[in-house]
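For reference, the structure discussed in these notes is given below.
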Amino acid sequence: MSTEYTYEHLAETAKYLLERVPFRPKIGIICGSGMGAYWNEGSLAEALTDKVVFPYNQIPHFPESTVEGHAGQLVFGYLMGVEVVCMKGRFHHYEGYPLWKCSMPVRVMKLVGISHLIATNAAGGLNPKYKVGDVMLVNDHINLMGFSGNNPLHGPNDERFGPRFLPMNRAYDKDLIELAKKVWDDLKLGPIHEGVYTCLGGPNFETVAELKMLQMVGVDAVGMSTVHEVITARHCDLTVLAFSLITNFCATNYENQSEANHEEVMDVGKMRQDTLATFVQNLVLRIKKLGYPGIK
Ligand SMILES: O=P(O)(O)O[C@H]1O[C@H](CO)[C@@H](O)[C@H]1O
Ligand SMILES: Nc1nc2[nH]cnc2c(=O)[nH]1
């Protein structure tokens with residue numbers, strides 16, 4: 001079975017949400033590990049006003065979030081006066097969900113009216129120039145899981161979502177990347193990078209040999225999410241911006257004794273949540289002011 005969700009299922013989910021939310025969001029935000037987990041002062045979710053909160057287990061047809069750091073709530077609200085919908089926690093393949101299920105919320109967000117998706121993630125830094133706590137705007141990805149036929153769009157295609165075949169060479173909108181860099185610089189937040197992300201199935205972190213291979217093929221940051229969400233988003237014509245918070249440095253030699261762990265990932269997320277919240281708030285404001293630019 002490639003997908004249990006028909007268009008009608010997801011339309012039902014969207015209808016349930018829309019009946020309970022008094023405004024229509026244009027921007028969807030997926031909070032990565034650590035970044036959406038806490039309601040502490042300074043977190044992105046905390047910055048939302050006039051919130052309407054839906055725990056995932058109360059939304060018809062929604063999967064449940066099982067990872068620590070992923071609260072499992074869909075939050076509608078205003079960020080700097082901009083209508084947004086925010087996923088506090090996402091679904092990963094390693095939780096036991098097939099990729100079409102991991103990325104179903106993207107289609108739901110499309111059906112509630114978004115035109116733009118901001119996907120964030122925590123990732124290991126492979127590019128030697130990156131430091132822990134840095135941000136990398138994703139300008140491309142390598143769909144490694146797709147190489148073996150594991151793709152969120154696998155199976156019958158429903159044209160109401162999008163076409164059977166789709167290009168991916170302009171998946172990460174260049175205008176939005178430029179805008180994001182400008183917003184970051186205007187806020188004087190220090191250096192920001194642009195690079196290539198890849199998603200592995202997880203849940204284990206990588207071996208040294210795997211990391212060396214990924215570095216050789218041009219990967220700058222490695223994680224366990226985002227790629228399938230972006231494919232699904234582009235399929236239904238959403239304009240996409242994605243960024244990675246570099247939460248750990250990947251050990252590409254055997255002398256390095258440090259070991260990647262999820263606690264560190266969440267700690268760095270927490271440490272950087274204020275900065276990222278400020279960044280995203282200013283970004284959505286600029287996107288709105290500019291009339292929601294980017295390829296559709
Ligand atoms: O991609 P997000 O959800 O930010 O989380 C990343 O961090 C977790 C590992 O610590 C994995 O889930 C990986 O994908
Ligand atoms: N696969 C993978 N995912 C991560 N998420 C956060 N850090 C990492 C990492 O080093 N590898």
Side-chain angles (χ1 to χ4, degrees), residues 28-38 43-45 56 63-73 86-97 99 101-103 105-106 117-128 130-138 141-145 152 195-215 217 219-233 241-253 256 258-273 276 280:
I29 302 166
I30 304 177
C31 296
S33 282
M35 283 180 268
Y38 309 100
S43 78
L44 185 63
Y56 289 164
E64 278 190 45
S65 222
T66 67
V67 188
E68 197 187 338
H70 290 258
Q73 291 173 342
C86 187
M87 284 180 70
K88 269 181 61 114
R90 57 153 58 91
F91 306 109
H92 305 83
H93 194 54
Y94 61 77
E95 292 174 74
Y97 297 124
L99 292 181
K101 202 167 212 173
C102 294
S103 47
V106 173
L117 177 71
I118 300 175
T120 77
N121 60 60
L126 264 175
N127 187 319
Y130 297 178
K131 293 192 201 56
V132 169
D134 282 0
V135 168
M136 179 193 91
L137 297 166
V138 180
H141 71 223
I142 296 180
N143 179 14
L144 270 183
M145 291 166 80
V196 176
Y197 174 88
T198 198
C199 164
L200 302 184
N204 58 281
F205 294 102
E206 294 69 37
T207 66
V208 172
E210 285 164 350
L211 291 169
K212 282 161 80 168
M213 183 198 88
L214 293 173
Q215 209 171 39
V217 298
V219 172
D220 296 297
V222 55
M224 306 174 198
S225 69
T226 308
V227 167
H228 38 278
E229 296 160 350
V230 171
I231 292 170
T232 305
L241 179 87
F243 69 81
S244 301
L245 172 66
I246 305 301
T247 52
N248 54 291
F249 199 73
C250 294
T252 49
N253 64 64
N256 192 325
S258 66
E259 289 183 319
N261 62 83
H262 189 56
E263 285 63 44
E264 183 186 9
V265 170
M266 289 196 299
D267 285 350
V268 175
K270 206 168 171 185
M271 197 180 80
R272 295 291 277 161
Q273 68 179 4
L276 296 179
V280 175

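Sequence positions, counted from 1, serve as the residue numbers for this chain. Just follow the structure's listing: the first ligand is 1, and inside any ligand the first atom is 1. Computed from a prediction, not measured in an experiment: that's the story for all the values here.
A side-chain hydrogen bond (donor to acceptor under 3.5 Å, both in side chains) with Thr226 holds for exactly one of Thr198, Asn121, Thr120; it is Asn121.
Distances below 4.0 Å separate heavy atoms of Glu206 from the following atoms of ligand 2: 1 (N), 2 (C), 9 (C), 10 (O), 11 (N). Under a 4.0 Å criterion applied to the non-hydrogen atoms of Asn248, ligand 2 contributes the atoms 6 (C), 7 (N), 8 (C), 9 (C), 10 (O). For ligand 1, the atoms sitting less than 4.0 Å from at least one non-hydrogen atom of Phe205 are 9 (C), 10 (O), numbered in the order shown with element in parentheses. Within ligand 2, the atoms closer than 4.0 Å to a non-hydrogen atom of Ala122 are 5 (N), 6 (C), numbered from 1 in the order shown. Atom numbering of ligand 2 starts at 1 in the shown order; those under 4.0 Å from a heavy atom of Phe205 are 2 (C), 4 (C), 7 (N), 8 (C), 9 (C), 10 (O), 11 (N). Taking a cut-off of under 4.0 Å to the non-hydrogen atoms of Met224, the atoms of ligand 2 that pass are 1 (N), 2 (C), 3 (N). Counting the atoms of ligand 1 from 1 in the order shown, those under 4.0 Å from a heavy atom of Val265 are 7 (O), 10 (O). Close approach of ligand 1 to Gly32 is summarised as follows: ligand atoms under 4.0 Å from at least one heavy atom of the residue are 4 (O). The atoms of ligand 1 that sit less than 4.0 Å from any heavy atom of Tyr94 are 11 (C), 12 (O). Heavy-atom proximity to Thr247, at under 4.0 Å, picks out these atoms of ligand 2: 6 (C), 7 (N). Within ligand 2, counting atoms from 1 as listed, the ones closer than 4.0 Å to a heavy atom of Val222 are 1 (N), 2 (C), 3 (N), 4 (C), 8 (C), 9 (C), 11 (N).
In this structure, Val265 is part of the shell of residues with a heavy atom less than 4.0 angstrom from ligand 2.
For the atom pair CG (Asp220) and CD (Gln215), the distance works out to 9.0 Å, reported to the nearest 0.5 Å. The distance from atom CE of Met266 to atom CG of Asn261, rounded to the nearest 0.5 Å, is 9.0 Å. Rounded to the nearest 0.5 Å, atoms CD1 (Ile142) and CG (Leu214) are 8.0 Å apart.
Put simply, the side chain of Leu276 reaches to within 4.5 Å of the side chain of Phe243, judged on heavy atoms. By the 4.5 Å heavy-atom criterion applied to side chains, Val227 and Met145 are not counted as neighbours. For the pair Tyr197 and Ser225, the minimum side-chain heavy-atom distance is below 4.5 Å. Looking at Cys199 and His141, their side chains never come closer than 4.5 Å, going by heavy atoms from C-beta outward. The shortest side-chain heavy-atom distance between Val222 and Phe205 does not fall under the 4.5 Å cut-off.
Contacts between Ala123 and ligand 2, counted as non-hydrogen atom pairs separated by less than 4.0 Å, involve the backbone only. When heavy-atom distances to ligand 1 are checked against a 4.0 Å cut-off, Met266 has no atom that comes that close, whether in backbone or side chain.
The protein heavy atom nearest to atom 8 (C) of ligand 2 is Gly124 N, 3.4 Å. Counting protein heavy atoms only, atom 3 (N) of ligand 2 is closest to Gly223 CA, 3.3 Å.
Nearest approach of Glu264 to Thr247, heavy atoms of both residues: OE2-O, 3.7 Å.
Annotation: Arg90 places an N or O atom under 3.5 Å from an N or O atom of ligand 1; distance criterion only. When only interatomic distances are considered, the shortest N/O to N/O separation between Ala122 and ligand 1 falls below 3.5 Å. For a threshold of 3.5 Å applied to N or O pairs, the pair formed by Asn121 and ligand 1 contains no separation below that value. In terms of N/O distances under 3.5 Å, ligand 1 is approached by His262.
Within a 6.0 Å radius of CD in Glu263, more than 12 heavy atoms belonging to other residues, nucleotides or ligands are found.
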Residue pair Leu99, Thr232: steps toward the side chain to side chain contact (heavy atoms under 4.5 Å, CB included) verdict
CA-CA 10 Å; Leu99 292 181; Thr232 305; over 6 Å; no

